[in-house]
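Each remark here refers to the structure printed beneath this line.
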Amino acid sequence: MSARAYALSDGNSFYCSCERVFDARLARVPVIVLSNNDGCAVARTSEAKALGIRMGEPYFKIRALCRAQGVRVYSSNYALYGDMSARVNAVYRGFSPRIEVYSIDESFLDLSDVRERDRVPLARDMRETVRAWTGIPTCVGIGATKTLAKLANHVAKTVPELGGVCDLTDPVQYDHWMARIAPDEIWGVGPANARKLEALGCVSAADVRDLDTRAVRKAMTVVGERLVQELRGVPCLNLEELAPTRKGCAVTRSFSDRVEDRATMEQAVAAHATRLGEKLRREGLGTDHVTVFFHTSEHDRDRPQRSVSTVVTLPEATNDTLVLLKAATHGVRKVWRDGYRYAKAGVVTTDLVPLAASQRALPGFGQLDREHGVALMAALDACNRRFGRGAVVPATAGLAEKRDWSTKFEMRSPRYTTRLDELPVVAAA
DNA sequence: TCTGGGGTCCTAGGACCC
DNA sequence: TCTGGGGTCCTAGGACCC
């Protein structure tokens, strides 16, 4: 029985790489992808990073730079990125049957059964296969724990001489890099914990690893203690092959233009509630209460600020769009006040339950017509799957009307892989 | 003009119970 | 001098992740 080994593989500048797969002109030029509403830069190629564009930088601040330097700018195309992510994971599964899909561009693989000397060759083979079959460049980090695999991945990404693979289960590599990685590069160390570690005298990951267990627990609770153990090679985090059922679900959006009237706010919140229903139904979950919130923007200096949220309780758990929508718009009416420029709104649920096993209300005490509702929602979902999201919407709350508040996606590329009418066209001479 | 969205986990403190 | 103790549940807030 050998010690554990995990690999963390991730796509380099993943969203940008997805765009590059379908447009050869993007090779070797700076590319960035923006967040919702074309707000901030959330993915940058190395060429864009070299121009000084930082992660999360608001686009309006760098627009002039982008124009001057010929940066190619894209809105987020989640349909494309989600589909490319599934393809990349399909390749990973061929290299290790035990995999945890950690995020849209990162997966952990269990390599415990792979001999030590075979791990790096396997990682190199996997990189080349993913590149050949999907077009996505990746980096692979290997370590005795998930935290060490993350750290190895960071090294693989930042040290070009390693060729995209770093193995910290190799004791020589482990000693070399642990002494050279700053504490704030460790997975789970954010700005607050970085300050605490600095106060404890840590300048490297090795220093963090060698901290006294009680001291780190005192300063950073069990989270810090777990982190130190993981750095020592003692696994505290398991591979989560099956995604645990989610506990909450939210749909929140900033408005493209500020909202000042109740009708528009109701329309926006109704749209969010509709989306929430879709998400819950896809996972068979339901909720018996919906929180509605909306607030102004702190960037609107010299304007009155307001932030409200209200919980609307339902008689029993549901994921029926019509019920959620009615509850959400009721919430808006309950706490609406004129005279503010609202910047963002959302609907949030917590305490989700599997709908099929949930407690029913008594007949006559608010019990919903579930049989009818389930059939109706199934028909609605089927239509929207076939004809595109929003093809069929409830006629209430103005959902079919023009939306002035909608999120901006002004530079979105075609949904090459998920929409027949947006397939790339190839011309042969 | 323009500043993302969606999660998880942990702790502290208050309310409440017997 | 002495003024119960121990438990659960809930919420808000902080921190972190991608």
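Note that these values count all heavy atoms, side chains included, but never hydrogens, waters or copies made by symmetry. For clarity, every value in this text was computed on a predicted model and none was experimentally measured.
Using a 4.0 Å heavy-atom criterion, one finds that A:Glu106 contacts the sugar-phosphate atoms exclusively.
When distances are taken from the side chain of A:Val222 to each of B:dT3, B:dG4, B:dT11, the shortest belongs to B:dT11. Distance from the side chain of A:Pro58 is smallest to B:dT3 among B:dT3, B:dG7, C:dC18.
The only member of A:Arg232, A:Arg217, A:Lys218 that meets salt bridge (charged side-chain N to carboxylate O under 4.0 Å, His left out) when paired with A:Glu225 is A:Arg217.
For B:dT3, the OP1/OP2 oxygens have no side-chain nitrogen or oxygen of A:Ser254 closer than 4.0 Å. Phosphate proximity of B:dC10 to A:Arg226: present, with a side-chain N or O under 4.0 Å from OP1 or OP2. Contact check, A:Arg258 against B:dT3: a side-chain N or O comes under 4.0 Å of OP1 or OP2. In this structure, A:Arg246 reaches the B:dG7 phosphate: one of its side-chain N or O atoms is under 4.0 Å from OP1 or OP2. Side-chain N/O atoms of A:Asn193 include one lying less than 4.0 angstrom from OP1 or OP2 on C:dC16. Taking side-chain N and O atoms only, A:Lys344 has a distance below 4.0 Å to OP1 or OP2 of B:dG5. The side chain of A:Ser103 places no N or O atom within less than 4.0 Å of a non-bridging phosphate oxygen (OP1 or OP2) of C:dC17.
Rounded to whole angstrom, the span from the OH atom of A:Tyr59 across to the P atom of B:dC2 amounts to 16 Å.
Taking CG from A:Leu80 and CZ from A:Arg412, the interatomic distance works out to 10.5 Å, rounded to the nearest 0.5 Å.
For the residue pair A:Asp83/A:Thr418, the side-chain donor-acceptor check at 3.5 Å is not satisfied.
B:dC16 and C:dG4 are spaced 15 Å apart, taking the C1' atom of each and rounding to whole Å.
Checked for salt-bridge contact, A:Glu128 and A:Arg131 miss the test: no charged N lies under 4.0 Å from a carboxylate O.
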